[in-house]
Chemist: 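What follows is a structure written as C-alpha cells; I'll ask about it next.
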Amino acid sequence: MNLFALNTPSITGEVLCPGDKSISQRAVIIGSLINQDMTIVGFLNGEDPISTINALNAIGSSIEINNTSVTIKQRETAFISPKEDVDLGNSGTGMRLMMGLISSLGINVRLVGDKSLSKRPMLRVSEPLNSMGANILCRDGMPPVQITKGNIKNNFSYDMPIASAQVKSSIIIAALAANESVTVKEKYQTRNHTEKMIDYFGGSIKSEIIDQENVIYLSPSKLDITKPYKVVGDFSSAAFLIVAGLIAKESNIIVKNVGINPTRSGLIDILKSMGGEISIRNQEIICNEEVADIHVQSSALKGINIKGSIIPNIIDEIPVLSIAAAFADGQTTISEASELRVKESDRLSAISYGLNSIGKSHELFEDGIKINGSKDDISGIPEIDSFGDHRIAMSFLVASLRSSEGIHVRDCANIFTSFPGFIDVMQSLGVSINET
Ligand code: S3P
C-alpha cells in the first residue's frame with residue numbers, strides 16, 4: 001500500500017489513542033497462563049496482537065477478539081503441541097515472549113515469522129532461556145525457532161548484556177509459567193509492563209535499584225483475575241500525533257487516554273527540553289499503568305543531544321523524534337542507539353534514506369545519527385521508502401505537515417501492525433492522507 005499525504009498547514013482536534021501494543025500482547029499471554037475466564041478491553045486490534053492471539057490459540061488457548069474487546073475462556077485441557085508452524089507475522093514481541101512461555105509448557109512448537117521477523121536476532125532470547133533449562137534451536141540465530149520440552153531451573157539469575165524489555169519479559173514469563181523464582185538485572189531500565197501486570201494480578205514480583213542496576217525478582221506466584229483488564233493507550237502511537245502537533249504551522253490537539261508509564265514516556269521530557277509546548281492533563285492509574293490526556297501546540301523547537309539510559313525508554317520513538325529534529329533549529333545528535341539497526345527495519349538507515357529524500361542534512365553513524373535541523377519546509381514532492389516498517393512510514397507521513405506539495409510514502413501496509421486507525425485519526429485532525 002502506497003500513501004500520499006498532502007501538505008496541511010493547520011491541525012486541530014481531540015483524538016483517542018489506540019491500545020498499547022506491548023501491553024495488549026502481554027495481557028493475552030499472561031491471561032492464557034492464568035487460565036481463568038478473562039475480558040480485556042481497550043485491546044489493540046492490530047496485526048501484531050492478532051498474531052499473538054493466533055499463536056496462543058494454536059497451542060490450545062481459547063481467545064476471541066471483537067473490535068477492541070477480547071475474551072479468554074478457561075482451558076479445560078493442557079496446552080498442546082500444534083502440528084503446523086506457528087506464525088508470528090511481523091511481531092518481534094510476539095515471538096520473543098511466546099518463546100519464554102512455550103519453553104515452560106512441555107510442548108513442541110516451531111515459530112516462524114514474515115520476511116522482516118525472519119531476519120531478526122533471536123539468540124538474545126534463546127541463549128538465556130537455554131541456560132535456564134529450555135530447549136530452543138534457531139536457524140543462524142534467527143527464526144524459524146524450534147522449541148522442545150525442557151526443564152526450567154529454579155533461582156535462575158540473568159545479567160542482561162543488552163537493554164531489551166522483550167528479553168527481560170521472556171525470561172520472567174518462562175519462570176512464571178514454570179512456577180519458579182528468577183532474578184533479572186538490567187543496567188538501563190527498559191519498559192516494565194510485564195512486571196506491572198504480574199503485580200496487578202497478585203504475583204510476587206519486585207524491582208529495586210542495586211549498584212545502579214534495576215534488579216527484578218519473581219517468586220512462584222498464583223495470579224488471579226478479578227475484573228476486566230483495561231489496556232491503556234499506546235505512547236508510541238501517540239508520539240506520531242504529538243510530533244505532528246509540534247511541527248505543524250498551526251495546531252491545537254489533544255490526544256486522550258495515552259499510557260505515560262515513566263519507562264515509556266521519556267520523549268515528552270525530550271520534546272519539552274527542545275521547546276515543545278506539551279501539557280499533561282487528567283492523569284490517573286488504570287490497571288497499574290499511568291494514563292493521561294496530552295495537549296500539544298505548534299512550537300519552535302531547538303536541537304538536543306541524546307544518549308545513555310534514556311535510549312531504551314524512547315527506542316520506538318526515535319524515527320519520529322528525527323522528524324521533530326529535522327525541523328528544529330540547530331543540531332540534534334542521537335547516539336548509543338545501535339539497537340535501531342535490528343528493529344522491523346534497520347531504522348537508522350531508513351531514517352537516513354528518508355531524510356535524504358526530504359532534503360534534510362544529517363550524518364549517519366553506526367550507533368546513531370546527527371541531524372542538522374532547520375525551519376525550512378520540504379520542497380518538491382519527495383518519495384519515501386518505508387522499508388516495510390510501520391514506524392518509518394508514519395514518521396514520514398507526519399513530515400508532510402511541513403512539505404510544500406505533499407509526500408509519497410511507499411510500502412505502508414505495516415502501519416496495520418501497530419496503529420490500524422492512523423489514517424483515520426490523522427484525517428480527523430485535518431490531514432489529507434490517501435492511497436495512491
Ligand atoms: C517491546 C520492547 C522493545 C520495543 C518493541 C516492543 C516490548 O524492543 O522496541 O517495539 O513490547 O517489550 P526490545 O526489547 O527489543 O528493545
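For ligands, and for the atoms within them, numbers begin at 1 and follow the listed sequence.
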Chemist: Please say which of Ile415, Leu44, Ile50 ends up in a side-chain contact (heavy atoms from CB on, under 4.5 Å) with Pro420.
Modeler: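 Exactly one pass, corresponding to Leu44.
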Chemist: Side chain, backbone, both or neither: which part of Lys343 has a heavy atom under 4.0 Å from ligand 1?
Modeler: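 It is the side chain that gets close, since no backbone atom is under 4.0 Å.
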Chemist: Which atoms of ligand 1 sit under 4.0 Å from any heavy atom of Ile315?
Modeler: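 The atoms of ligand 1 under 4.0 Å from a heavy atom of Ile315 are 9 (O).
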Chemist: Does Glu344 come within less than 4.0 Å of Arg120, counting only side-chain N to carboxylate O?
Modeler: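 A salt bridge links Glu344 with Arg120.
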Chemist: Could you go through the salt bridge (Lys or Arg N to Asp or Glu O under 4.0 Å) check for Asp389 and Arg347 one step at a time?
Modeler: CA-CA 8 Å; Asp389 185 326; Arg347 283 190 178 153; 2.8 Å; yes
Chemist: Would you please say whether a donor-acceptor pair under 3.5 Å links the side chains of Thr194 and Arg26?
Modeler: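 There is such a pair between these side chains.
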Chemist: When only distance counts, is Glu339 in polar contact with ligand 1, meaning an N/O pair under 3.5 Å?
Modeler: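 Looking only at distances, the answer is no, because the N/O contact criterion of under 3.5 Å is not met.
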Chemist: Just to be sure I read this right, does ligand 1 sit under 4.0 Å from the backbone of Arg191, its side chain, both, or neither, counting only heavy atoms?
Modeler: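 Answer for Arg191: side chain.
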Chemist: Taking distance alone, with N or O pairs closer than 3.5 Å, would you say Asp316 contacts ligand 1?
Modeler: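 Yes - when backbone and side-chain N and O of Asp316 are compared with those of ligand 1, one distance drops under 3.5 Å.
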Chemist: Using a 4.0 Å heavy-atom threshold (strictly under), name the region of Arg26 that reaches ligand 1: side chain, backbone, both or neither.
Modeler: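 For Arg26, only side-chain atoms sit under 4.0 Å from ligand 1.
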Chemist: Can you tell me which residue pairs pass the side chain to side chain donor-acceptor pair (under 3.5 Å) test with a partner in residues 213-232, sequence neighbours excluded?
Modeler: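 Listed once each, the pairs are Gln36-Asp224, Glu186-Asn214, Glu208-Tyr217.
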Chemist: Quick one: closest heavy-atom pair of Ser170 and Val125, and the distance?
Modeler: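 Shortest heavy-atom contact: OG-CG1, 3.2 Å.
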Chemist: With no hydrogens and no angle check, just 3.5 Å: does a side-chain donor-acceptor pair link Ser61 and Arg75?
Modeler: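 Judged by distance alone, the side chains do not pair up.
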Chemist: Considering heavy atoms of the protein only, find what lies nearest to atom 11 (O) of ligand 1 and give residue, atom and distance to 0.1 Å.
Modeler: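 Minimum-distance protein heavy atom for atom 11 (O) of ligand 1 reads Ser22 OG, 2.7 Å.
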Chemist: May I ask you to check whether Ala165 has an N/O atom sitting below 3.5 Å from an N/O atom of ligand 1?
Modeler: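 Checking ligand 1 against Ala165, an N or O pair does fall under 3.5 Å apart.
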Chemist: Per the side-chain contact (heavy atoms from CB on, under 4.5 Å) rule, which among Thr52, Val231, Thr417, Asp234 passes with Lys21?
Modeler: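 Only one of Thr52, Val231, Thr417, Asp234 forms a side-chain contact (heavy atoms from CB on, under 4.5 Å) with Lys21, namely Asp234.
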Chemist: Starting from atom 1 (C) of ligand 1, which protein heavy atom do you reach first, and at what distance in Å?
Modeler: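 Here the nearest protein heavy atom works out to Gln166 NE2, 3.5 Å.
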Chemist: As a check for students: among Ser164, Ala163, Ser170, identify the option with a heavy atom nearest to atom 14 (O) of ligand 1.
Modeler: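 Among Ser164, Ala163, Ser170, the closest heavy atom to atom 14 (O) of ligand 1 comes from Ser164.
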Chemist: Look at atom 6 (C) of ligand 1 and say which protein heavy atom is nearest, naming residue and atom and giving the distance to 0.1 Å.
Modeler: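 Answer, as residue, atom name and distance: Thr93 OG1, 3.3 Å.
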